[in-house]
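Numbers for residues simply follow the sequence, beginning at 1.
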Amino acid sequence: MNRKGDQKMYSNEELIKLAEDFVKEELGPDPSGHDWWHCDRVRNLALEIAKNEQAGADIFICELAALLHDIADVKLNESKQAGIDKVRNWMQQRIDDKECIDKVVTIISSISYNGGQNNPMETIEGQIVQDADRLDALGAIGIARTFVYSGWKGQLIHNPEQDFTDMDYRSNKKTAIYHFYEKLLKIKDLMNTNYAKQLAENRHKFMEEYLNQFYQEWNFKDNQP
């Protein structure tokens with residue numbers, strides 16, 4: 001189906017290119033780990049999951065939502081609603097398919113981890129994009145993004161003398177290492193699709209190995225057999 005905006009009909013391919021340009025403009029230089037390359041990786045992961053799941057997902061919805069998802073991230077906007085409005089307004093100027101717009105907005109409104117409090121995704125497209133976003137928070141890239149984000153927020157790497165369990169999920173007073181326990185190590189068991197579950201296993205294992213090495217070095221035991 002063609003979508004139109006500003007008196008012009010856009011093909012799905014053209015809309016994807018416009019979305020890429022929009023994300024690069026908005027998030028290209030972002031230093032928090034939510035930059036253009038994160039969105040590009042999530043897009044590619046979403047397409048790979050959709051291909052392997054063969055569940056009849058709308059590939060265009062998956063790709064568009066994956067590209068736009070962090071434009072609306074509450075961490076990068078004045079509020080969650082402000083971010084969602086930004087994405088909706090952008091689409092309304094270019095897409096004449098209300099159902100398409102509503103599907104993408106629904107996905108980006110529920111995609112974030114949010115301390116595990118968001119409702120489950122109801123559509124296969126939402127499940128695929130959410131899995132792709134979560135996979136990029138795991139493994140070697142997930143570790144790198146954790147420390148980049150923690151540094152951006154001015155957090156310590158590790159503080160074994162403080163208990164953070166009663167702090168609000170959005171608190172900036174926690175550490176990078178604690179983030180593994182409050183979120184990253186839980187993600188493997190929250191995947192929606194079978195293919196994403198397979199990918200998550202290896203990435204999860206790598207994070208466990210990393211933490212083991214981290215604690216050995218922190219406690220000066222890395223030279224022991």
Side-chain angles (χ1 to χ4, degrees), residues 32-34 38-57 61-63 65-66 69-70 72-75 80 103 106-150 153 155 157-158 160 162-171 174-216 218:
S32 74
H34 300 81
H38 163 64
C39 295
D40 186 46
R41 289 192 303 271
V42 172
R43 178 256 298 271
N44 291 329
L45 280 166
L47 294 177
E48 185 72 11
I49 295 169
K51 180 180 72 176
N52 281 272
E53 284 296 305
Q54 298 181 343
I61 296 293
C62 290
E63 186 169 9
H69 78 281
D70 265 348
D73 194 304
V74 67
K75 296 184 292 295
K80 179 178 180 179
K103 285 182 178 179
T106 297
I107 291 172
I108 65 173
S109 298
S110 305
I111 193 171
S112 67
Y113 181 72
N114 194 30
Q117 300 302 310
N118 281 349
N119 293 325
M121 287 287 189
E122 296 182 357
T123 66
I124 184 59
E125 292 83 9
Q127 292 172 3
I128 287 171
V129 177
Q130 186 176 63
D131 280 356
D133 188 39
R134 288 176 171 175
L135 281 168
D136 205 56
L138 300 181
I141 287 177
I143 292 170
R145 291 182 66 221
T146 294
F147 287 107
V148 164
Y149 182 75
S150 183
K153 299 296 288 186
Q155 298 171 336
I157 293 175
H158 183 42
Q162 186 170 357
D163 182 3
F164 304 101
T165 54
D166 291 331
M167 285 190 181
D168 180 78
Y169 178 71
R170 297 292 182 188
S171 172
K174 293 176 287 188
T175 66
I177 291 298
Y178 183 70
H179 189 61
F180 284 83
Y181 299 97
E182 71 174 350
K183 177 182 177 181
L184 305 187
L185 294 174
K186 298 178 181 179
I187 291 178
K188 174 178 69 70
D189 296 325
L190 298 176
M191 291 294 169
N192 301 294
T193 62
N194 290 329
Y195 185 67
K197 290 175 182 177
Q198 295 173 25
L199 296 178
E201 287 289 343
N202 286 334
R203 297 188 183 208
H204 180 90
K205 181 179 179 181
F206 184 86
M207 291 194 305
E208 290 182 323
E209 293 170 350
Y210 169 80
L211 287 171
N212 180 60
Q213 179 67 20
F214 178 91
Y215 290 126
Q216 286 188 43
W218 186 274

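- Rounded to the nearest 0.5 angstrom, Asp73 CG and Cys39 SG are separated by 9.5 Å.
- The closest side-chain heavy-atom distance from Asp163 to Tyr178 is not below 4.5 Å.
- Rounded to the nearest 0.5 angstrom, Lys174 NZ and Thr165 OG1 are separated by 10.0 Å.
- Heavy-atom neighbours of Phe206 CZ from other residues, nucleotides or ligands within 6.0 Å: at or below the threshold of 12.
- Taking the side-chain hydrogen bond (donor to acceptor under 3.5 Å, both in side chains) definition, one finds that His38 meets it with His69, Asp70, Asp133, Asp136, sequence neighbours left out.
- More than 12 non-hydrogen atoms from other residues, nucleotides or ligands lie less than 6.0 angstrom from CD of Gln216.
- The CD atom of Glu182 lies 9.5 Å from the CZ atom of Phe164; values are rounded to the nearest 0.5 Å.
- For the residue pair Ser110 and Gln130, the shortest heavy atom distance occurs at O-NE2, 3.4 Å.
- Here the closest non-hydrogen pair linking Ala196 and Ile49 is CB-CD1, 4.1 Å.
- Summarising the geometry of Ala65 relative to Ile108, their closest heavy-atom pair is O-CG2, 4.0 Å, with the distance given to 0.1 Å.
- Using a 4.5 Å heavy-atom threshold, the side chains of Met121 and Ile111 count as touching.
- For the residue pair Cys62 and Ala57, the shortest heavy atom distance occurs at SG-CB, 4.1 Å.
- To the nearest 0.5 Å, atom CD1 of residue Ile124 and atom CD of residue Glu53 are 6.0 Å apart.
- For the pair Glu201/Leu138, no side-chain contact is recorded, criterion being any heavy-atom separation below 4.5 Å from C-beta on.
- Taking the six-membered ring where the residue is Trp, His158 and Trp218 present perpendicular rings, their angle passing 60° and hence far from 30°.
- Under the 4.5 Å side-chain criterion, counting only non-hydrogen atoms from C-beta, Ile177 is in contact with Leu211.
- Nearest heavy-atom pair, Lys186 versus Tyr181, reported as atom, atom and distance to 0.1 Å: CE-O, 3.3 Å.
- Residues His34 and Tyr149 are in side-chain contact: their nearest non-hydrogen atoms beyond the backbone lie under 4.5 Å apart.
- Summarising the geometry, atom NE2 belonging to His204 is positioned 7.0 Å from atom CG belonging to Asp189; distances are rounded to the nearest 0.5 Å.
- Annotation: side chain of Ile61 is not in contact with side chain of Val129 (no heavy-atom distance under 4.5 Å).
- Judged purely by atom type and a 3.5 angstrom limit, Arg145 uses its side chain to pair as donor or acceptor with the backbone of Gly33.
- Side-chain contact of Asn52 with Glu48: a donor-acceptor pair under 3.5 Å is present, judged by distance alone.
- Listed for the Ser150 side chain is no donor-acceptor partner under 3.5 Å among the backbone atoms of Thr146.
- Between Gln127 and Asn192, the closest heavy-atom pair is O-ND2, 3.3 Å.
- Of the inter-residue distances, the one linking Lys188 atom NZ with Leu135 atom CG reads 12.5 Å to the nearest 0.5 angstrom.
- Contact of the Leu47 side chain with the Ile128 side chain is not registered, since no non-hydrogen atoms from C-beta on lie closer than 4.5 Å.
- By the salt bridge (Lys or Arg N to Asp or Glu O under 4.0 Å) test, Lys103 is found to be paired with Glu99, residues two or more places apart in sequence or in another chain being considered.
- At least one side-chain heavy atom of Tyr195 sits less than 4.5 Å from a side-chain heavy atom of Gln198.
- By the side-chain hydrogen bond (donor to acceptor under 3.5 Å, both in side chains) test, Thr193 is found to be paired with Asp131, residues two or more places apart in sequence or in another chain being considered.
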